[in-house]
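Heavy atoms only: backbone and side chains are in, while hydrogens, waters and symmetry mates are out.
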Amino acid sequence: MTSHRSLPVPEGLDGMRLDAAISRLFGLSRTAAADLVAAGDASLDGRRSLKSERVTTGAVLDVDLPGPAPSSLPVPTVVDGLRVVYEDGDLLVVDKPVGVAAHPSPGWEGPTVVGGLAAAGHRVSTSGAEERQGIVHRLDVGTSGLMVVAKSERAYTVLKDAFRERTVDKRYHTLVQGHPDPLSGTVDAPIDRHPSSAYRFAVVAGGRDSITHYETIEAFRHASLLEVHLETGRTHQIRVHMAALQHPCVGDVIYGADPTLSRKLQLGRQWLHAVRLSFAHPDDGRWVSFDSSYPPDLQLALDRVAEADGGRL
């Protein structure tokens, strides 16, 4: 199954190689984009071209994309708790609740941000793979908080570049077991898939570079509330790095958190929330910033930690 897509080349891709432009616009790997060109499944202004040809602003790219399995396509579904914090002609900023994926993926049958926005009538960018249109970054299913979604094709390209170039300021709060030493610091440790688990990640020599800055903002007798600033955005990065420090996120039993504590706090997920998202607006470059409060389950768990510990240190 294939799907035909046609998009004009935005200014940000002017002068780029054809395979690279297809990769960026349609969310494909560079190799997959080159294979489409070689197979005649991609054209530039209606003609077959070499993958090394340079594209120009306004030229039309036509691509026949391999379609995902029907079960992975986004289904418009009302998502309880999915809140639009901000919207304009270029983008949406949403506050994602726990238990919601950013987009459909193999094996996930639950609600998604893409499906929730479609059900609410929001238009998003058609750039990227069909099942994740408009999505320029993700949060774990078990992590709540702020995400930005592109509405215009130009915004998609600009925001993807901003995340790639690490100019987006992403701030998280996490409650971890114990007290990191030092109380503030940086974890610079490469991350890759866990050598013996298909669903976990780990600090692995030769993995992708991963940098996490953290600062203790509140200390309890047996736990610490941290603000975390990500330079990179690897899958499970905060969870992996906190586990590597021997201070896993409270409730994150997959990465070594105490399950007894999770049960006491009645916390069914990792205590991790994307509290602030700041970036240059893709239209005019003005710096915009958005904040999110703790959801009820995290606030209740935090209050219980404070009470159980006899107060803050």
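Ring-plane geometry between Y86 and H281 is classed as perpendicular, the angle between the planes exceeding 60 degrees on a 0 to 90 degree scale with a lower cut at 30.
In the hydrophobic clustering of this structure, V63 groups with M16; members are Ile, Leu, Val, Met, Phe, Trp, Tyr whose side-chain heavy atoms approach within less than 4.5 Å, directly or through other members. L261 and Y294 fall within a single hydrophobic cluster, where Ile, Leu, Val, Met, Phe, Trp and Tyr side chains are chained together by heavy-atom contacts under 4.5 Å. Put simply, V149 and V84 are part of the same group of oily side chains (I, L, V, M, F, W, Y) that touch within less than 4.5 Å, one to the next. In the hydrophobic clustering of this structure, V98 does not group with I135; members are Ile, Leu, Val, Met, Phe, Trp, Tyr whose side-chain heavy atoms approach within less than 4.5 Å, directly or through other members. Criterion: ILVMFWY side-chain heavy atoms under 4.5 Å apart, direct or through other members. Under it, I217 and V305 are part of a common hydrophobic cluster.
Within the 4.5 Å cutoff, the side chain of V113 has no heavy atoms near those of the V79 side chain. For the pair I191/H241, a side-chain contact is recorded, criterion being any heavy-atom separation below 4.5 Å from C-beta on. A heavy-atom distance below 4.5 Å is found between the side chains of S224 and P180. Residues L245 and V187 meet the side-chain proximity criterion, which asks for heavy atoms closer than 4.5 Å. Contact of the V37 side chain with the L50 side chain is not registered, since no non-hydrogen atoms from C-beta on lie closer than 4.5 Å. Looking at heavy atoms from C-beta onward, Y214 lies in side-chain contact with P182 at the 4.5 angstrom threshold. Side-chain contact between L36 and D64: absent, with no pair of heavy atoms (C-beta onward) separated by less than 4.5 Å. Side chains of F220 and L302 form a contact here, defined as non-hydrogen atoms less than 4.5 Å apart.
With respect to R47 and D45, no salt bridge is recorded, no charged nitrogen being found less than 4.0 Å from a carboxylate O. Between R17 and E53 there is no salt bridge, since no side-chain N of the basic residue sits under 4.0 Å from a carboxylate O of the acidic one. Salt-bridge annotation for D140 and R269: absent, with no side-chain N of the basic residue lying under 4.0 Å from a carboxylate O of the acidic one. In summary, D209 and R166 engage in a salt bridge, as defined by a charged side-chain N under 4.0 Å from a carboxylate O.
Cation-pi geometry between R234 and F201 is not met at under 6.0 angstrom from the ring centre and within 45 degrees of the axis.
Annotation: the span from L277 atom CG to S289 atom OG amounts to 7.5 Å, rounded to 0.5 Å. Going from atom NZ of K151 over to atom CG of L117 covers 10.0 Å, rounded to the nearest 0.5 Å. To the nearest 0.5 Å, the span separating NZ on K170 from CE on M147 amounts to 11.5 Å. Note that the CZ atom of R171 and the CZ atom of R276 stand 7.5 Å from one another [nearest 0.5 Å]. In this structure, CD in Q266 is found 7.0 Å from CG in L300, a value given to the nearest 0.5 Å. The NE2 atom of H194 sits 11.5 Å away from atom CD1 of I254, with the distance rounded to the nearest 0.5 Å.
Side chains of E227 and H173: a donor on one and an acceptor on the other come within 3.5 Å. Using modelled atom types, one finds a donor on one side chain and an acceptor on the other under 3.5 Å when comparing H273 with S292. Residues E153 and S125 bring a donor and an acceptor atom of their side chains to less than 3.5 Å of each other. Using a 3.5 Å distance cut-off with no hydrogens or angles, the side chains of T232 and R208 do not pair a donor with an acceptor.
Contact record, H179 with A219: CD2-CB, 4.3 Å, taken as the closest heavy-atom pair. Nearest heavy-atom pair, R123 versus L92, reported as atom, atom and distance to 0.1 Å: O-CD1, 4.4 Å. Of all non-hydrogen atoms in I238 and C249, the two that sit nearest each other are CG2-SG, 4.4 Å. Shown here for F163 and V148, the closest heavy-atom pair between the two residues is CE1-CG1, 3.9 Å. Shown here for D14 and T57, the closest heavy-atom pair between the two residues is OD1-N, 2.8 Å. For S184 against E215, the heavy-atom pair with the smallest separation is OG-CG, 3.3 Å.
R83 pairs by the side chain to side chain donor-acceptor pair (under 3.5 Å) definition with D95, not counting sequence neighbours.
Remark: side-chain polar atoms of R154 are paired, donor with acceptor, to backbone N or O of P282 under 3.5 angstrom. Side-chain atoms of T174 do not come within 3.5 Å of backbone N or O of L272 as any donor-acceptor pair. Side-chain atoms of W287 never come within 3.5 Å of backbone atoms of F279 as a donor-acceptor pair (strictly under, hydrogens ignored). Between the side chain of T56 and the backbone N or O of A59, no donor-acceptor pair lies under 3.5 Å. Side chain of S144 to main chain of K96: no donor-acceptor pair is present (N/O by atom type, distance under 3.5 Å, no hydrogens or angles).
The side-chain contact (heavy atoms from CB on, under 4.5 Å) with Y172 is formed by just one residue from the set L146, T212, L230; it is L230.
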*Verdict with supporting geometry, T112 and H103, side-chain hydrogen bond (donor to acceptor under 3.5 Å, both in side chains)*: CA-CA 5 Å; T112 66; H103 56 75; over 6 Å; no
*Evaluate side-chain contact (heavy atoms from CB on, under 4.5 Å) for V288 paired with S278, printing each intermediate quantity in order.*
CA-CA 6 Å; V288 293; S278 308; over 6 Å; no
_Quick one, Q177 with H222, criterion side-chain hydrogen bond (donor to acceptor under 3.5 Å, both in side chains). Give me CA distance, side-chain angles, the key distance, then yes/no._
CA-CA 6 Å; Q177 294 179 191; H222 301 293; over 6 Å; no
*Let me see the working for H236 and Y255 under ring pair (Phe, Tyr, Trp, His ring centres under 6.0 Å), right down to the final yes or no.*
CA-CA 10 Å; H236 296 185; Y255 285 102; 5.6 Å; yes
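Counting heavy-atom neighbours within 6.0 Å of R164 CZ, excluding the residue itself, gives a total above 12.
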